[in-house]
Amino acid sequence: MQEIEKKWQERWEAARIFEPSTDSSKDKFYLTAAFPYPNSPQHIGHGRTYTITDIYARYMRLKGKNVLFPMGFHVTGTPVMAMAKRIAEEDQEVIEIFEKIYGIEKDTIRNLTEPTRLVMHFSNEIESGMKEMGYSIDWRRKFYSNDAAFNKFIEWQFFKLMKKGYITKGEHPVPWCPVANTAIGAHDTKGDVDPEIEEMLCILFRYRDGFIVCATYRPETVYGVTNIWINENATYVKATDGKRKLYMSKDAVKELSLQLELKIEEEIAGKQLIGTEAKNPITDELVPILHADFVDPSNGSGAVMSVPAHAPYDYLALRDAGLEDKYQLKQVLQLDGFGPYPAKEICEKIGIKSQKDERAKDATQEIYKKEAHSGIMVCGEFKGLKGVEAKEKIKQKMLNEGKAFTIYEIANGPIYSRYGGKVSVKIVKDQWFIDYGNPEWKKKAQECLKRMKILPEKTRKDYEYTIDWLKQKACTRSTGLGTKFPFDSDKMIEALSDSTIYMAFYTIAHIAKKMKEEELTEELFDYVFLGQETEKKLPPQAKEMRREFEYWYPLDSRHSATDLVHNHLTFFIFNHTAIFGEALWPRQIVTNGFVLMDGKKMSKSMGNILPLKAAIGKWGADAVRLAIVSGADLAQDTDFNQPAIEGILARMKFLKSAMEKYAAKRDDEKKEQADLWLLSRLHRRCLKVDELYQNLQIRELTLELFYNTVNDLQWYLKRAKEPKLREFFEIWTVMVSPFIPHFAEEIWEKLGKKIYVGDSPFVSIAKMPRADLSKISDEIEDAEEYISKIKEDIHNIMGLLKKEKIECIQLFVAARWKWRLMEIVQNEKSFEASIKKAVQDEEIKTHAAEAQKLIQIYLKNKDANIKRGQDFELMALNSAVHLLETEFKCGQVVIKKEEETEIQKARNAVPGKPAILVV
RNA sequence: GUGGGGGUGGCAGAGCCUGGUCAAAUGCGCCAGCUUGAGGGGCUGGUGCCUUUAGGGCUGCGAGGGUUCAAAUCCCUUCCCCCACACCA
């Protein structure tokens with residue numbers, strides 16, 4: 001198996017059939033799949049997208065298109081660096097994964113401590129895996145996203161974006177490691193936790209010579225504050241931000257040092273604050289400062305505004321302090337099913353003992369959720385609004401009036417980075433953005449989307465939604481591989497921003513990578529990609545580059561897994577509309593779901609990752625290709641399991657042996673019923689398959705081209721006295737070749753000179769056969785279906801008779817008058833009318849009693865609708881005598897008309913169902 | 001929370017947009033028979049329940065309602081699962 005595959009891969013490569021050149025006499029088709037990120041080996045999940053892309057590429061080639069399918073490698077950003085670093089530090093977790101799951105040699109792993117070595121190792125691994133899969137890729141255009149030539153291209157892209165005003169600069173909160181002094185992503189944290197940033201509002205209560213700062217998630221409840229909680233055991237400080245004095249916990253000042261510039265002026269023991277009063281900035285009420293155990297000085301500001309009516313902790317703290325009666329609870333929101341004080345109610349209902357009770361947390365969650373959603377404000381300026389709406393309004397109002405400011409917290413903390421620091425939030429100044437919020441740009445992106453074909457079509461909504469909410473996207477990072485940000489050389493362009501229009505680069509990559517870096521100027525790219533002439537002298541390759549780009553662009557199809565819809569693919573749309581004219585906007589996006597292993601998600605922790613190369617080694621590329629695409633529709637996740645792939649191998653074996661036995665001779669002479677049937681099915685399939693390919697209905701295609709075809713073939717071999725499969729294999733091999741190209745090539749070669757389809761040295765570059773409509777026959781197919789039903793019926797009857805051996809099968813086709821009667825029923829539709837009409841027929845009249853029963857039966861199954869007549873049934877049955885004799889091992893099969901016999905059983909015959917007598 | 005996608009037989013997975021031909025394709029699994037030195041493999045049949053020298057009936061496509069002569073399919077309500085939400089490839 002694998003040797004055959006290797007043979008064909010070598011021949012394809014030697015013949016360079018997947019290295020297209022610009023050829024204006026041929027229609028081009030340009031497609032790309034998301035380029036891989038080589039920081040680990042590829043597994044069968046990656047294979048799904050590429051296989052689908054390859055199937056599509058191969059189909060288009062069969063349709064006579066000049067197809068370009070290139071591939072490159074994405075090495076931008078920090079994951080490669082992080083991975084190399086972990087290996088250098090001999091991180092056992094990583095090493096174990098590489099060894100155990102991917103089966104990489106220890107010595108090899110030890111060598112991967114440098115990002116570049118790591119990249120080269122895995123990109124080679126991925127590339128050779130893709131070759132082993134038989135992907136029809138033009139490897140001449142391969143590049144890495146940190147190649148100098150590509151860097152120049154990305155720089156050029158950012159010049160263009162800047163000129164359009166799509167690059168902006170500002171502040172941005174990021175998860176930050178104070179030890180490594182860098183922004184942190186999930187892959188930089190211990191346990192691969194994705195840090196979530198949450199916004200809190202700090203409300204300023206006037207206090208002494210400044211303000212006491214209360215951090216809250218629920219500013220709308222500021223109307224219901226009865227007091228302020230602090231922790232008397234913590235240290236508090238008076239600090240200044242330059243404009244005003246702020247009272248907060250010492251720990252909070254430390255936590256917030258990456259966000260606020262605070263200077264501590266004075267330390268104050270928590271105890272000293274107890275009993276003093278502060279002023280609510282909204283209601284102007286004076287509220288006392290009290291102690292509560294639940295207050296965590298390192299969280300928020302270390303001071304909490306107390307709203308006991310709506311916050312269980314606040315209520316519990318009040319009760320614990322025995323102050324429940326001293327302070328009147330104040331209702332802010334009205335909640336259906338609750339009285340004025342939901343927090344109190346829920347605590348009493350569940351029976352929460354104190355603020356230290358674990359269940360207080362759940363109660364808090366429940367109340368917060370309900371109030372935000374269905375709570376209605378009953379006081380203040382925003383009376384009548386829903387909780388969430390009021391929250392937003394109040395926040396804005398207080399911010400505008402300087403009564404509050406925002407801070408950010410790690411919501412799912414504490415998180416520790418791999419560098420050892422506790423992750424907190426830093427406000428990055430000088431953060432550069434791509435402004436996807438620009439309304440004109442948005443409009444263009446929407447327009448582009450509207451013109452594009454999206455497969456599966458139902459994902460279109462996801463794009464619409466994403467285009468809509470996308471705002472400023474940070475496009476630089478302080479570290480990482482890739483391209484330097486041209487407007488601030490300290491920064492690197494991050495990975496999702498340098499991969500938006502690289503499809504354009506493939507068209508010239510094979511030329512650009514041989515050029516000097518300084519030749520790749522803005523003017524050159526302006527000329528190549530935008531057609532702008534310049535007075536400057538361009539390098540001699542410029543014209544060729546322009547020709548390549550003009551020929552291949554726009555991109556006809558973009559392929560990826562569904563997870564990239566919400567970022568990469570949408571950025572891809574945006575950037576194309578920004579850089580290129582409408583005529584060069586992409587035409588289509590195709591996305592697919594993931595591959596599951598035995599029903600479960602593949603994951604490192606479960607250890608159920610199947611590396612692609614291991615799978616090929618075990619089952620061969622063709623079987624793997626089919627297995628990872630055949631299980632489900634595009635949108636769905638598909639399951640990979642052993643029984644399925646073994647089933648595929650068994651069928652391939654069957655097909656091969658059928659080909660070897662029966663495909664030798666011409667089969668246009670001496671056709672029997674079964675031949676006509678098989679060809680009818682084949683050509684009908686040919687017609688259908690073309691449409692399925694157009695819309696990449698992969699699952700349906702594999703069903704038609706593989707599973708159902710095998711079933712047909714099995715039926716045919718049973719039916720045909722003298723099987724002849726030449727025409728069948730010539731046509732089928734071409735149709736199925738996009739899925740199992742090596743297998744198809746092998747058959748194609750064995751078939752020798754083709755008779756029924758155009759010959760070509762490779763099936764990969766043959767012509768998709770056209771369906772011969774004259775060979776498609778409903779009647780013949782109906783007859784076969786009819787026969788197979790009769791066969792089933794006979795089986796049933798034998799089961800009932802519990803007969804092992806039978807001597808004779810007698811079949812009685814219904815009398816002609818029964819057809820006439822059925823026709824009457826179909827026209828008249830009611831019993832009364834039918835019987836009236838029926839008795840006008842002399843023959844039916846003589847069978848009046850029987851006719852009455854029949855009418856009732858016909859009326860019941862009015863969909864039975866037997867189109868064909870008695871002659872048809874006789875013909876079909878006669879053609880099946882041989883089949884029935886062998887199938888049931890009986891010496892005699894007698895076929896008669898009902899009219900010709902006196903046997904009582906024959907009266908049971910109805911149109912479509914002959915009476916069967918088994919002796 | 002917001003947005004999107006789903007819940008079908010032992011399992012996977014079609015069908016549902018364009019209601020009837022749906023007890024529900026196809027595959028896997030399971031059962032039986034044949035083949036085979038056994039095993040594997042192959043072939044044939046069966047695989048919701050009941051009934052039957054026949055092609056019949058009943059229940060059924062997350063739950064509950066509704067529309068209709070007719071619903072897995074349309075409408076409403078409800079429960080549950082999955083995915084995405086940004087500086088991360």
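Each chain gets a letter, A, B and so on, in the order the sequences are listed, and its residues count up from 1. Computed over heavy atoms, backbone and side chain alike; hydrogens, waters and symmetry mates excluded.
Place Lys471(A) and Leu564(A) on RNA chain B by their nearest nucleotides, and Lys471(A) ends up nearer the 5' end. Where Lys653(A) and Pro79(A) each meet RNA chain B at their nearest nucleotide, the meeting point lying more 5' is that of Lys653(A).
Pair assignment for rC28(B) gives rG10(B), based on Watson-Crick or G-U wobble hydrogen-bonding distances that are each under 3.5 Å. Using the Watson-Crick or G-U wobble rule with both distances under 3.5 Å, rG1(B) pairs with rC85(B). Under the Watson-Crick or G-U wobble criterion, with both distances below 3.5 Å, rC61(B) has no partner in any strand shown. Nucleotide rA70(B): unpaired (no Watson-Crick or G-U wobble partner with both distances less than 3.5 Å). The pairing partner recorded for rG37(B) is none, the criterion being a Watson-Crick or G-U wobble arrangement whose two distances lie under 3.5 angstrom.
Look at Arg651(A) and you won't find any side-chain N or O under 4.0 angstrom from OP1 or OP2 of rG41(B). Here Arg477(A) reaches the OP1 or OP2 of rC88(B): one of its side-chain N or O atoms lies under 4.0 Å away. The side chain of Lys718(A) contributes no N or O atom lying less than 4.0 Å from OP1 or OP2 of rC43(B). At the phosphate of rG27(B), OP1 or OP2 sits under 4.0 Å from a side-chain N or O atom of Asn711(A).
A donor and an acceptor atom never sit less than 3.5 Å apart when one is taken from the side chain of His566(A) and the other from the base of rC85(B).
The line from NZ of Lys491(A) to OG1 of Thr476(A) is 5.5 Å long, rounded to the nearest 0.5 Å.
Side-chain proximity of Gln714(A) to the nucleotides rC85(B), rC43(B), rG4(B) is greatest for rC43(B).
Rounding to whole angstrom units, CG of residue Leu703(A) and P of rA12(B) are separated by 18 Å.
Under the 3.5 Å distance criterion, the side-chain polar atoms of Tyr217(A) are left unmatched by any main-chain donor or acceptor of Leu201(A).
Ring planes of Phe571(A) and Tyr436(A): parallel class, angle under 30° (limits at 30 and 60°). Using the six-membered ring where Trp is involved, Tyr166(A) and Trp441(A) have ring planes that are parallel, under 30° apart on the 30 and 60° scheme.
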